[in-house]
Structures are given as C-alpha cells and as structure tokens.
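Every chain is numbered from 1, with letters handed out A, B, ... down the list of sequences.
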Amino acid sequence: GENVEQHPSTLSVQEGDSAVIKCTYSDSASNYFPWYKQELGKRPQLIIDIRSNVGEKKDQRIAVTLNKTAKHFSLHITETQPEDSAVYFCAASKSNFGNEKLTFGTGTRLTIIP
Amino acid sequence: EAQVTQNPRYLITVTGKKLTVTCSQNMNHEYMSWYRQDPGLGLRQIYYSMNVEVTDKGDVPEGYKVSRKEKRNFPLILESPSPNQTSLYFCASSLNPTAGETQYFGPGTRLLVL
C-alpha cells in the first residue's frame with residue numbers, strides 16, 4: 001500500500017519568513033495530494049490540493065509543488081503570520097472509482113515566532 | 001448549516017465493552033470515512049464508504065466495524081475495545097475527496113479504553 005513520509009516533524013519560523021514542509025510517497029500511481037491544517041484542539045481542514053497533471057498550484061500565500069519523478073510534494077507558506085501556527089498534514093491517494101483511500105503523513109507542527 | 005456531527009465527543013469505557021460512535025452529515029455526501037489520530041502517527045484511515053452499502057478498509061481496520069445503511073450516517077463500532085484503541089477519532093465526509101472536493105471533518109471523539 002501507499003506510504004507517505006513527512007518532514008520535518010516540527011518547524012519554527014520567524015514571522016514574515018517562509019516555511020516549507022516536504023512529503024514523499026511510495027506509490028507511483030497516486031495522483032491526488034491534499035494538504036490539511038489542524039489548529040490546536042480543532043478538526044483538520046483542507047487548505048490546498050494538487051493533482052498529478054500539474055506541477056504547482058498557488059492560493060495567496062500558500063503553494064504546493066509536485067515532482068512526480070521523485071515522488072515528492074511540498075507545501076510552501078510565504079510571509080508567515082501567527083495564525084499559520086498549526087499542525088499540517090499531507091496526504092496521497094489514487095483516484096480510482098471505488099478506491100478512494102487517503103494515506104496521511106505524520107504531520108508537521110509549525111510554530112510562527114512573533 | 002452544513003456539518004458533520006459525531007457522538008459522543010468524549011467516552012471512557014472498559015476493555016471488552018462494545019461501543020458505537022455515531023457520525024452524521026447533512027450535506028448529501030456520498031463519501032464518508034473514519035480516521036484515528038495518535039501522537040506521532042498522524043491521521044490513519046480506518047474505513048471509508050463510497051456510498052450506501054459500500055464500505056472498504058483503510059490502513060488500520062483491525063478491531064473496527066462500520067455500516068452504511070443510509071447516506072447520512074456512518075457509525076463506527078468497536079465490538080470489543082482494547083486499550084490500544086484509545087485515540088482521537090474523526091469522521092469525515094465529501095462529495096468525492098480525490099476529485100478536489102473538500103473533505104469535511106467532524107469535531108472528533110476522544111476515546112479512552114481502560
């Protein structure tokens with residue numbers, strides 16, 4: 001089955017600087033890669049996702065890049081703000097009808113230092 | 001208001017005493033899923049369901065059962081709970097999570113098995 005590794009497990013960044021979180025996946029057939037943000041004591045929420053037919057996607061200060069050859073994808077947060085402090089999870093899935101299993105990484109705790 | 005609800009939110013039980021955690025969504029979503037979240041292990045998918053009467057195993061299905069008799073409900077059943085099932089459980093629903101449709105998470109159920 002799919003295996004997703006996520007690094008680093010913790011990350012501290014000065015406010016205003018950029019943060020990068022990286023994930024690698026094992027199944028070359030995986031074609032959908034979402035990122036979730038979980039604030040302390042709250043439920044995970046989807047923040048951005050990317051499909052295997054594109055290499056990069058941006059949404060304001062957040063971007064995700066995908067390298068299919070190397071089987072890794074990354075989350076980039078620019079101009080970080082205190083409200084970006086949270087745990088971030090990457091995930092991977094093969095989108096086939098009847099097989100929508102999502103495999104998550106182990107999470108990255110991001111702390112923004114004011 | 002579109003939402004995913006779980007009950008109970010907190011539960012303390014003893015080994016071997018059958019329990020059910022309910023999950024309900026009001027968004028007419030076809031896809032529903034159960035995850036457990038443990039420190040250092042991230043989110044792991046237990047079971048998911050593509051539609052009524054269609055369920056499939058995730059990464060950690062052992063010790064759990066699910067049913068999907070109607071679209072809005074997806075209960076998680078622990079027939080004989082054990083201490084290693086102590087965890088934070090999330091239910092989630094989506095139109096189609098790997099087609100870019102947001103997966104909405106419930107508020108979580110914190111379970112302690114003594």
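B/Leu76 and B/Val60 fall within the same hydrophobic cluster, where Ile, Leu, Val, Met, Phe, Trp and Tyr residues are linked whenever their side-chain heavy atoms come under 4.5 Å apart, directly or through other members. A/Phe104 is not connected to B/Ile46 by any chain of hydrophobic side-chain contacts under 4.5 Å among Ile, Leu, Val, Met, Phe, Trp and Tyr, and they are in different clusters.
Taking every heavy atom of both residues into account, A/Arg43 and B/Pro107 meet most closely at NH2-CB, 3.5 Å. In terms of heavy atoms, A/Gln38 sits closest to B/Phe90 at NE2-CZ, 3.5 Å. Between A/Pro44 and B/Leu43, the shortest heavy-atom contact is CG-CD1, 3.9 Å. B/Asp59 and A/Thr103 get closest at one heavy-atom pair: OD2-OG1, 3.4 Å.
For B/Arg110, the CZ atom counts as loosely surrounded, since its 6.0 Å shell holds 12 or fewer non-hydrogen atoms of other residues, nucleotides or ligands. In A/Gln45, the CD atom is not crowded: 12 or fewer heavy atoms of neighbouring residues, nucleotides or ligands sit closer than 6.0 Å. Atom NZ of B/Lys71 is surrounded by more than 12 heavy atoms from other residues, nucleotides or ligands within 6.0 Å. Within a 6.0 Å radius of CZ in A/Arg109, no more than 12 heavy atoms belonging to other residues, nucleotides or ligands are found.
Looking at B/Val4, only its backbone comes within 4.5 Å of chain A, counting heavy atoms on both sides. With a threshold of 4.5 angstrom between heavy atoms, B/Leu41 approaches chain A through N, CA, C or O but not through any side-chain atom.
Remark: A/Tyr36 OH to B/Phe105 CZ distance equals 5.0 Å, nearest 0.5 Å. Between atom CG of residue A/Leu102 and atom OH of residue B/Tyr35 there is a gap of 4.5 Å, rounded to the nearest 0.5 Å.
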